[in-house]
There are 2 protein chains.
Amino acid sequence: MVSLLDVARAAHVSKMTVSRVLNHPDQVSPEIIADVQQVIAELGYVQNRAGRALANNRHYNIAFILLDDINEIEPYYAHLLMHLTDELRHAGYTLEMRHDRNFDLTNVDGFLVSGARGSDFELLQSLTVPVVIYGTEPGIPSVDIDNKAGTQLATNALLDAGYARLIYLGIDMSEPFAINREVGYRDAMLTAGRTTEIYHLPNDEHAAQAFLADLNLCGNTGIVAATDRLGLGALRAGRSQGLTVPTDLGIVGFDGIYIHQLAELPLTTIQQPLATIAQHMVALLMKQLAGETVTSVYVVPELLHGATTA
Amino acid sequence: MVSLLDVARAAHVSKMTVSRVLNHPDQVSPEIIADVQQVIAELGYVQNRAGRALANNRHYNIAFILLDDINEIEPYYAHLLMHLTDELRHAGYTLEMRHDRNFDLTNVDGFLVSGARGSDFELLQSLTVPVVIYGTEPGIPSVDIDNKAGTQLATNALLDAGYARLIYLGIDMSEPFAINREVGYRDAMLTAGRTTEIYHLPNDEHAAQAFLADLNLCGNTGIVAATDRLGLGALRAGRSQGLTVPTDLGIVGFDGIYIHQLAELPLTTIQQPLATIAQHMVALLMKQLAGETVTSVYVVPELLHGATTA
DNA sequence: TTGTACGCGTTATCAT
DNA sequence: ATGATAACGCGTACAA
């Protein structure tokens with residue numbers, strides 16, 4: 001491997017001059033910068049991260065910790081990961097994948113965390129390196145979509161479409177996002193002077209389908225689903241009961257990365273803007289690495305119009 | 001951060017003794033090993049990878065390069081990634097995520113590659129560090145499922161079920177896996193003395209559904225689908241034509257990580273054994289790092305019985 | 001503006 | 001079986 005010294009010799013300067021060209025070009029004369037850069041290109045020199053890490057006490061490496069169970073990983077995590085990889089690379093950092101609770105900070109400059117639950121938060125809060133979580137937790141810098149605004153959007157879309165009955169299909173409320181999504185529906189309904197109708201199910205399309213089959217939907221009904229999985233189940237329940245979507249039955253899902261496209265009809269959904277989320281996550285991390293204090297960011301999602309709303 | 005020196009001082013030994021306890025415990029007396037390990041535990045010492053990298057000219061870091069387009073990433077890549085992360089960690093390595101064609105080998109000991117296409121292979125072959133690809137390419141150590149065996153399994157399952165007509169729904173043949181899957185169907189049909197019926201479509205459930213709607217399926221038909229997406233489309237086409245699955249129409253998909261579960265009926269499918277694949281990929285990489293030469297590995301997939309076959 | 005000396009944490013080598 | 005020393009590649013502090 002070609003080292004700084006190799007470049008220095010080839011360019012007839014000292015190591016430090018080459019180092020400065022890379023890190024403090026303002027301190028080097030223009031001609032030498034040009035020379036050195038040419039040699040760097042010719043030799044295909046790439047900085048050795050280990051040497052840099054040792055000298056700077058930085059590792060240029062961020063651990064992305066995906067704590068969700070491997071069998072419950074939703075497809076959109078792959079997208080979040082890709083975007084985070086891009087953003088970190090752009091910022092000069094590397095993304096190291098982890099999916100255990102190894103918060104060892106000897107070889108990383110910070111953590112990006114997804115899928116953290118109750119007991120993880122204390123741990124994260126006690127860390128001495130920057131942390132950004134995907135989700136919501138007071139006291140920890142985080143990026144999340146505004147889940148409440150999302151279901152408000154969904155609910156209002158169905159209200160505007162004029163459905164007589166407007167049901168919320170929710171999931172287990174142990175996670176903040178589930179609570180906020182339900183609150184969004186409640187608020188929108190309250191504001192519209194409408195009566196809420198809320199059910200909680202496991203996040204499973206078969207469960208939703210079975211549940212709605214028993215509920216006897218009778219047309220002119222809108223469903224705000226807490227997830228696309230539930231929305232998918234609602235779509236199937238409606239169709240198997242002979243309802244026409246979206247005329248008799250309107251559905252808005254939530255997440256919008258993969259499932260909504262696989263449905264029999266493309267689901268109208270509230271889409272997670274994962275590229276934007278990744279940008280904010282990395283930006284918050286970089287600010288912390290620069291010594292700034294940061295506050296959490298909430299991104300307002302958008303309604304992605306499919307075929308399950310008019 | 002606590003360093004080797006800190007441990008050495010606390011244990012009243014030299015740095016080298018601590019290093020040996022970690023790397024060559026056979027060269028250290030049992031009592032000292034015990035002492036040092038205790039101190040390591042007390043102080044929470046973790047090896048600094050940068051120091052190690054510099055001393056050993058190894059980085060203990062493997063780049064996983066996911067070359068597929070971000071919009072075409074199938075959900076099962078997330079699973080492969082998780083398993084690779086586990087396997088590498090178990091082998092003492094770190095997984096660095098990349099998804100560009102950055103094959104810079106200054107900071108990495110090897111590459112795991114998925115989604116490589118034509119021109120990538122020459123590049124990969126010219127690298128001086130170990131490479132293992134997920135897929136098939138002569139001259140490059142690789143791990144892949146035996147796609148041909150997979151569709152043979154699928155075809156035989158439908159032959160055994162006694163369907164009168166047995167169609168293959170294939171995709172664009174530009175990728176080796178697509179060719180092999182088709183060959184598996186052909187072979188199984190030939191062996192059974194049956195006539196083949198093959199169609200090529202884009203890998204899209206809507207396309208498959210539309211295509212089969214025109215084909216006028218008339219019952220007692222089996223479909224070997226090259227992917228679960230196509231299998232999903234076949235299922236929908238059959239149901240919308242009033243066929244009973246699996247009585248009138250039998251379907252076997254391929255991949256079996258996510259889509260097959262989301263279908264209206266759980267798809268019978270040929271499942272990618274991703275944990276096994278990850279194990280082999282990392283094993284092949286480690287062997288190369290140890291200086292051995294390796295040959296590619298093919299894993300025979302299994303039929304996962306769903307509700308679309310009897 | 002450019003160069004020299006030293007140290008970051010670790011391990012191989014050589015010495016004891 | 002254990003310790004001293006040098007070296008890996010880079011950047012900071014200081015010197016010129």
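Within every chain, numbering begins at 1; the chains are lettered A, B, ... in the order of the sequence lines, protein sequences first and strands thereafter.
Heavy-atom contacts from other residues, nucleotides or ligands closer than 6.0 Å to CD of B:E302 number 12 or fewer. Residue B:Q38 places its CD atom among 12 or fewer non-hydrogen atoms of other residues, nucleotides or ligands, all under 6.0 Å distant.
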Atom pairs and distances, donor-acceptor, side-chain atoms in residues 6-14 of chain B, under 3.5 Å, two or more places apart:
| unit_1 | atom_1 | unit_2 | atom_2 | d |
| --- | --- | --- | --- | --- |
| B:D6 | OD2 | B:S3 | N | 2.7 |
| B:D6 | OD2 | B:S3 | OG | 3.4 |
| B:S14 | OG | B:M16 | N | 3.4 |
| B:S14 | OG | B:T17 | N | 3.4 |
| B:S14 | OG | B:T17 | OG1 | 3.4 |

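The CG-P distance, from B:D35 to D:dA1, rounds to 16 Å in whole Å. Spacing between atom NE2 of A:H12 and atom P of C:dT1 amounts to 22 Å, rounded to whole angstrom units. Rounded to whole Å, atom C1' of C:dT10 lies 12 Å from atom CG of A:N107.
Using a 3.5 Å distance cut-off with no hydrogens or angles, the side chains of A:D68 and A:Y77 do pair a donor with an acceptor.
An OP1 or OP2 oxygen of D:dT2 is reached within less than 4.0 angstrom by no side-chain nitrogen or oxygen of B:T17. The phosphate of C:dT2 has OP1 or OP2 within less than 4.0 Å of a side-chain N or O from A:S29.
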In B/S/- notation, 5' to 3', how is nucleotides 5-16 of chain D contacted by protein heavy atoms closer than 4.0 Å? ---BBBBB----

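Judged as a side chain to side chain donor-acceptor pair (under 3.5 Å), the pairs with a partner in residues 126-140 of chain B (not counting sequence neighbours) are, in order, B:Y134-B:Q272, B:T136-B:D144.
The distance from the OH atom of B:Y60 to the OG1 atom of B:T94 is 11.5 Å, given to the nearest 0.5 Å.
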